[in-house]
Amino acid sequence: MMTWLPRRAAGYRSPVTTSIALFTRDLRVHDNPVLHAAAAADRCIPLFVLDDAIVSSAFFNANRAAFLSDCLADLDRSLRDRGGELVVRRGKLADEVARVVRAHDVTEIHVAADVSRYARRREEALEALGADLHVHDQSINAVPPLSLTPSGGGDHFAVFTPYFRRWETMHRRGVLRAPGRLTVPEISGEAPGRLHHGTPSPELAAGGETVGRELMADWVRTGVEDYADLHDALADDATSHLSPHLHFGTVSVTELLDRAGTASEGAQAYTRQLAWRDFHHQVLAARPESATKDYRTRNDRWRRSDRDFEAWRDGRTGYPIVDAAMRQLDREGWMHNRARLIVASFLCKTLYLDWRRGAQHFVDLLVDCDLANNQMNWQWVAGTGTDTRPNRVHNPLAQARRYDPDGTYVKRYLPALADLAPQHVHEPWTLPEEERKALDYPAPIVDLREAADRFAAARSRKR
DNA sequence: GGGCAATTCAG
DNA sequence: TGAATTGCC
């Protein structure tokens, strides 16, 4: 038998350093601590593993698969511009990384920190591969979950405002440059193919860092200053549309906060929204069971009506503001934030159906769907979350008149109502009999007065 | 400085 | 209504 030294035998030092930059939810070359550090090695392998565990989970969907495909293709182009490429593998993450480690004498693995159980296991598995593991600042939040606790004790904040006061005082790291040239060992040479995972929404936005950075640039230049005034105006759609980019890390939240600044009222309001994201992440990190269980139960005995749920899901409730929003979700894989609030409240408070069903439908369609934000916002609306006013009900008509006064938003997604005057568009049942019958639009499935009474009665009975 | 009541204020 | 902070001992 020939003498053969294991590569990682004690005392052995490879003459060259070879790193893996393992991309996770940071699919960008700018302001990426992982890539920045990994690129300092002699050779660097930018790697993304499409983990079977994620692809087969109930939290993956066709829209996120399509968006992710865009992200990987764009990342590959950016890396090729720098002399590198993106290596994409599919399978069990640790196995795939191990294969690359063995095949290319990898000496160091760089990855971003993350608090989810999945991510902690990933770290353990990477630790066992023999190369030095460098876990960098997490990229998902501006302030990492569980790094702030109330001064009076407790492992997390349960109310937003005191959290935000502390959040604002936290130091943020500086924004990192994209690496210049990369030296990647001879490896695969093939651009990542598209991932097929069902049919995406027809008007799904494109993904990728290039698109994300353009959106960010436009947003900080012309959008954010009006955010305070316009963020709830449904028809204007004057929100950033950056949520899927924040989810996949094609835009860095640290860079975004830096560039948005706090000069205008709009920038301050927007910063607050980004802090809500971190707030929800720290709630779910501390109470992971809140993804499926009431954070604070109100002992609701939710109705179980498939008929009502399906009418809501398919945009056939007879309330135009609700139905338009559900059509937007179907068409774009995205929904205006104010509309999310309205439809969620309609499901939980008006129809009195379980928030989990609604949350799961969002998970199934939203391109930006983030578990912590989705579940905790649903719980907030349902009154089982961190809202300190658990009985608050959003009246869909009041919301519609206030945030879509002339019905432009409703008409955009419900062409059947295109010719209605503003005073009828949100309540087509007020039209004269014949005109109403001529509309291809259903009658309301529920009476708001009765629904409010039902909710109040259910809540008072159970306290 | 720990523990408690009072106070403040919340998407 | 209840969480967080503040003020008091």
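Every value quoted in this text rests on a predicted model; they were computed, and no experiment measured them. To find a chain, count down the sequence lines: A is the first, B the second, and so on, and within it residues start at 1.
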**Student:** Would you mind telling me which of dG11(B), dT5(C), dA3(C) lies closest to the side-chain atoms of Val159(A)?
**Tutor:** dA3(C)
**Student:** Rounded to whole angstroms, how far apart are CZ on Phe164(A) and P on dA3(C)?
**Tutor:** 22 Å
**Student:** Evaluate whether atom CG of Asp440(A) has more than 12 neighbouring non-hydrogen atoms of other residues, nucleotides or ligands under 6.0 angstrom away.
**Tutor:** no
**Student:** Just how far, in rounded Å, is C1' of dG11(B) from CZ of Arg340(A)?
**Tutor:** 16 Å
**Student:** With centres under 5.5 Å and planes under 30°, do Tyr163(A) and dA4(C) count as stacked?
**Tutor:** no
**Student:** Could you tell me the separation between the CG atom of Leu431(A) and the OH atom of Tyr441(A), rounded to the nearest 0.5 Å?
**Tutor:** 12.0 Å
**Student:** Would Trp312(A) and His361(A) count as a close aromatic pair, with their ring centres under 6.0 Å?
**Tutor:** yes
**Student:** Measuring from the side chain of Ala158(A) (C-beta onward, heavy atoms only), which nucleotide among dA10(B), dA3(C), dG11(B) has the closest atom?
**Tutor:** dA3(C)
**Student:** So if I take every side-chain heavy atom of Pro162(A) and compare against dA3(C), dT5(C), dG11(B), which nucleotide ends up nearest?
**Tutor:** dT5(C)
**Student:** Can you tell me the distance, in whole Å, between the CG atom of Asp387(A) and the P atom of dC9(B)?
**Tutor:** 18 Å
**Student:** Indicate the atoms forming the closest heavy-atom contact of Phe67(A) with Ala206(A), along with that distance.
**Tutor:** CE1-O, 3.3 Å
**Student:** Check whether any side-chain N or O of Thr161(A) sits under 4.0 Å from OP1 or OP2 of dC9(B), and answer yes or no.
**Tutor:** no
**Student:** For a quick check of understanding: with a heavy-atom distance under 4.0 Å over all strands, which category does Thr386(A) fall into, base, sugar-phosphate or nothing?
**Tutor:** nothing
**Student:** Looking only at side-chain N and O atoms, does Arg338(A) come under 4.0 Å of OP1 or OP2 in dG11(B)?
**Tutor:** no
**Student:** Measure from CZ on Arg389(A) to P on dG11(B) and round the result to the nearest Å.
**Tutor:** 9 Å
**Student:** To the nearest angstrom, how far is Tyr295(A) atom OH from dA3(C) atom P?
**Tutor:** 8 Å
**Student:** By the 4.0 Å heavy-atom rule, please label Arg392(A) as base, sugar-phosphate, or nothing.
**Tutor:** sugar-phosphate
**Student:** Taking atom types as modelled and ignoring hydrogens, do the side chains of Gln360(A) and Asp364(A) form a donor-acceptor contact shorter than 3.5 angstrom?
**Tutor:** yes
**Student:** Starting the side chain at C-beta, find the nucleotide from dA3(C), dA10(B), dG11(B) nearest to Arg272(A).
**Tutor:** dG11(B)
**Student:** Output the rounded distance in Å from CG (Leu148(A)) to C1' (dA4(C)).
**Tutor:** 14 Å
**Student:** Can you check the His231(A) NE2 to dG11(B) P distance for me, whole Å?
**Tutor:** 13 Å
**Student:** Can you tell me the distance, in whole Å, between the NE2 atom of His156(A) and the C1' atom of dA4(C)?
**Tutor:** 13 Å
